[in-house]
Amino acid sequence: DAGITQSPRYKITETGRQVTLMCHQTWSHSYMFWYRQDLGHGLRLIYYSAAADITDKGEVPDGYVVSRSKTENFPLTLESATRSQTSVYFCASSVQAGGDTQYFGPGTRLTVL
Amino acid sequence: AQSVSQHNHHVILSEAASLELGCNYSYGGTVNLFWYVQYPGQHLQLLLKYFSGDPLVKGIKGFEAEFIKSKFSFNLRKPSVQWSDTAEYFCAVKGAAGNKLTFGGGTRVLVKP
């Protein structure tokens, strides 16, 4: 049971480059989420998706793009990376949004030079 | 907009001491409340959650939390901590009819052996 996986686990890139972070879940959960974790800010929601082909903005969506062509995958793309996007990125999934528990992936540590 | 405030950013304790972490939220309606824990180098895991009913919620690893509606609080407690409780703890809130979690800034707990 793989659960929820993220790749890569660590990434170093340069300002202006495009970067895609991958998230894959094996549970067929309807909902998937992307958060960024920064010191003092806790986790902040970037984007979420209620189902394949349905996505919506979270608290801090600027500079990010998502897609969800398949239920199990929810990639996050930084179209032109900036230093302020240096962070740890967590993907999560839940069966339904309701009061359901979100299950988190191991995270991707991204550094933008 | 909903918000979550965790009063302590860092807590240092000795083993066997009691732990209480404060969490206050701002939201106008019915809420679902969560505490997540992130052990060093690991992803977030659910400790406990409150949806309705008994305001005293028991979670894993001996943790409990009490929902006090009049104070908009959901404080986390453990009577006797262990070194293995060293982690970062996050309080989160979601409107009962909504689908997005809002996290507090986190409290880093260090338990000295």
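Below, each value reflects all heavy atoms present in this structure, side chains not excepted, and no hydrogens, waters or symmetry copies.
B:Y36 places a side-chain N or O within donor-acceptor distance of the main-chain N or O of A:Q102, the cut-off being under 3.5 Å.
To the nearest 0.5 Å, the span separating SG on A:C91 from NE2 on B:H43 amounts to 12.0 Å.
Within 6.0 Å of OH on A:Y103 lie no more than 12 heavy atoms contributed by other residues, nucleotides or ligands. A 6.0 Å sphere centred on CD1 of B:I12 holds no more than 12 heavy atoms belonging to other residues, nucleotides or ligands. No more than 12 heavy atoms of other residues, nucleotides or ligands shown are found within 6.0 angstrom of CD1 on A:I12. Crowding of B:R77 atom CZ: a count of heavy atoms from other residues, nucleotides or ligands under 6.0 Å exceeding 12. Within a 6.0 Å sphere centred on NE2 of B:H9, heavy atoms belonging to other residues, nucleotides or ligands number 12 at most. For A:E14, the CD atom sits in a loose shell: 12 or fewer heavy atoms of surrounding residues, nucleotides or ligands are nearer than 6.0 Å.
The cluster map of Ile, Leu, Val, Met, Phe, Trp and Tyr, joined by side-chain heavy atoms under 4.5 Å apart, puts B:L47 and B:V4 in the same cluster. Cluster annotation: B:L19 is connected to B:V57 through the hydrophobic network of ILVMFWY side chains, with a link wherever side-chain heavy atoms come within less than 4.5 Å.
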- request: Just do the side chain to side chain contact (heavy atoms under 4.5 Å, CB included) check on B:R108 and A:L39 with the steps written out, would you?
  value: CA-CA 11 Å; B:R108 290 191 172 185; A:L39 197 63; 3.4 Å; yes
message: Let's go through A:Y48 and B:K100 carefully: what are the C-alpha distance in whole Å and the side-chain angles of both, what is the deciding distance for side chain to side chain contact (heavy atoms under 4.5 Å, CB included) to 0.1 Å, and is it a yes or a no?
response: CA-CA 8 Å; A:Y48 68 101; B:K100 292 183 283 187; 3.4 Å; yes
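When heavy atoms are compared at a cutoff of 4.5 Å, B:Q38 approaches chain A solely by way of its side chain, counted from C-beta outward. Of the atoms belonging to A:L45, it is side-chain heavy atoms, and not backbone ones, that fall under 4.5 Å from chain B. Of the atoms belonging to B:E88, it is side-chain heavy atoms, and not backbone ones, that fall under 4.5 Å from chain A.
A 4.5 Å side-chain heavy-atom check between A:F104 and B:Q42 finds every atom pair outside the cut-off.
Heavy-atom pairs under 4.5 Å with chain A were tallied for B:L46, B:L44, B:L33, B:T102; the largest tally goes to B:L44.
Shortest non-hydrogen contact noted between B:L101 and A:Y35 is CB-OH, 3.6 Å. Residue B:F90 comes nearest to A:Q37 through the heavy atom pair CZ-NE2, 3.1 Å, listed as atom of the first residue, atom of the second, then distance.
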